[in-house]
Amino acid sequence: MQLYTKISIALVAGAVAGLVANLFDLEILRTVLVAIEPIGNAWIRLITMVVVPLVFASLVVGTASLGDISKLGRIGGKTVLYYLGTTAIAVTIGLALSNLIRPGSRLDPEALEGLRSTYMAEGASRVELARDAPSLVDILLNMIPRNPIEALASGDMLPIIFFAIFFGAALSALPSERRDHVIGFFDGVNEAAMVMIHWIMRLAPYAVFALIGAVIARFGLGVLQSLLVYSLVVLLGLVLHVAFTYTAALRFLARRGPREFYRKIREAQLIAFSTSSSNATLPVSMEVAEEKLEIEKEVASFVLPLGATINMDGTALYQAVATMFIAQVLVGDISFTAQFGIVLTATLASIGAAGVPSAGIIILVVVLEQALAGTGVDPAAGIALVLGVDRLLDMCRTAVNVTGDLTAAAVIERSEYDYALKHGS
Ligand code: ASP
């Protein structure tokens with residue numbers, strides 16, 4: 001049986017077990033499901049353990065073997081532009097749907113009161129957390145690590161990427177007798193990391209069962225009921241973004257068959273969905289990119305780690321819908337100028353979000369404060385409205401975030417191929 005089939009079965013089984021525990025209020029089953037959740041968390045730790053050595057080693061090898069360093073500047077420029085462009089499209093889809101369907105006008109007052117009283121305190125604590133979020137200028141500044149070991153030790157992706165590229169470029173400037181054994185060493189580290197991923201992936205079905213079972217068993221179905229229209233708008237937006245934006249990018253920019261592409265990346269999508277973390281999924285998406293999609297290392301090792309941190313289309317789309325929903329409930333409509341502001345802030349703010357569960361909520365505070373400035377609405381009250389279904393939507397938006405990163409890798413690889421053909425290299 002293929003691994004993704006096993007993971008899919010585990011996912012469905014976990015969801016069914018969680019639903020049964022929830023619907024029939026089976027305390028024993030719920031306790032068991034919550035008790036085995038650490039198996040899932042152990043697995044997340046295991047796969048996250050590979051992220052830093054894998055990203056560092058593969059990026060050093062990718063950069064050092066490029067031959068032409070200006071190529072990296074070109075790839076970097078194209079990648080960032082593509083990421084910002086697709087994120088802005090995602091936000092626009094979210095806004096358009098929210099204007100059309102108006103999920104906020106469909107929330108009944110009783111449900112509103114319930115959400116307020118249940119989630120207000122948690123909303124306030126998230127707003128507090130957002131106060132510590134670095135500004136865009138700080139994020140850009142922090143990309144240059146003062147101490148690369150510190151960046152590696154704390155797993156800060158952008159400074160790690162920066163140092164790995166700088167180091168790889170310096171290596172490529174050395175004479176080959178000096179360079180080759182250093183590259184050989186990192187090549188070995190990279191391959192060992194890939195072997196670890198294969199081993200860890202064999203355990204993925206058990207982890208997925210444990211993670212999904214606990215999430216669903218704990219989930220308040222009542223909350224889902226009151227936030228159903230809002231959740232469906234987010235889901236519809238995510239589906240449309242994949243079906244149109246990514247499919248078009250694959251067909252016309254990457255010139256790959258979308259169906260085949262989506263089939264090959266299923267494992268990464270399932271892991272993203274189950275873990276709600278682009279970072280934890282990064283080793284899986286790198287493996288999928290290199291082994292299944294056969295994307296060159298120099299592209300995959302740069303585009304994917306960068307994407308896990310700065311490219312979050314699903315998260316940005318979610319923020320657009322959530323902001324509109326909160327505004328519709330608390331203050332009524334917001335003007336088109338303010339909505340244009342949402343496109344800008346949500347696109348830029350998604351750069352700063354880390355690829356970890358619930359990071360989107362922190363960014364939502366930033367977007368919300370901007371969009372509702374001057375209305376006197378307490379952002380904590382807004383956040384409280386959407387917290388109840390956050391985990392469920394986080395799973396879906398993370399799957400889209402990872403799909404976006406992998407699509408980008410295919411697009412950038414093709415454009416590099418075309419460039420090489422045109423310039424005869
Ligand atoms: N969990 C998301 C990710 O890792 C971020 C978010 O939307 O909360 O990509």
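First listed ligand is number 1; within each ligand, the first listed atom is number 1.
- With sequence neighbours excluded, no residue forms a side chain to side chain contact (heavy atoms under 4.5 Å, CB included) with T118.
- Note on ring orientation: taking the six-membered ring where Trp is involved, the planes of F167 and F56 are parallel (angle under 30°, cut-offs 30° and 60°).
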Notebook entry, point to check: Passes salt bridge (charged side-chain N to carboxylate O under 4.0 Å, His left out), R397 versus D390? Steps please.
Noted result: CA-CA 10 Å; R397 62 192 192 233; D390 185 58; 3.0 Å; yes
For ligand 1, what N or O to protein N or O distances fall under 3.5 Å?
unit_1, atom_1, unit_2, atom_2, d
ligand 1, 1 (N), S276, O, 2.9
ligand 1, 1 (N), V356, O, 3.1
ligand 1, 1 (N), D394, OD1, 2.7
ligand 1, 1 (N), T398, OG1, 3.1
ligand 1, 4 (O), S278, N, 2.8
ligand 1, 4 (O), S278, OG, 3.2
ligand 1, 4 (O), G355, O, 3.2
ligand 1, 4 (O), V356, N, 3.4
ligand 1, 7 (O), T315, OG1, 2.6
ligand 1, 7 (O), R397, NE, 2.6
ligand 1, 7 (O), R397, NH2, 3.4
ligand 1, 8 (O), A359, N, 3.0
ligand 1, 8 (O), G360, N, 2.7
ligand 1, 8 (O), D394, OD1, 3.3
ligand 1, 8 (O), R397, NH2, 2.9
ligand 1, 9 (O), S278, OG, 2.4
ligand 1, 9 (O), N401, ND2, 2.8

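- Qualifying side chain to side chain contact (heavy atoms under 4.5 Å, CB included) partners for V52, counting only residues two or more places apart in sequence or in other chains: L152, I160.
- Residue L368 holds its CG atom at 12.5 Å from CD1 of I363, rounded to the nearest 0.5 Å.
- Sequence neighbours left out, the pairs with a member in residues 36-56 that pass side-chain hydrogen bond (donor to acceptor under 3.5 Å, both in side chains) are E37-R218.
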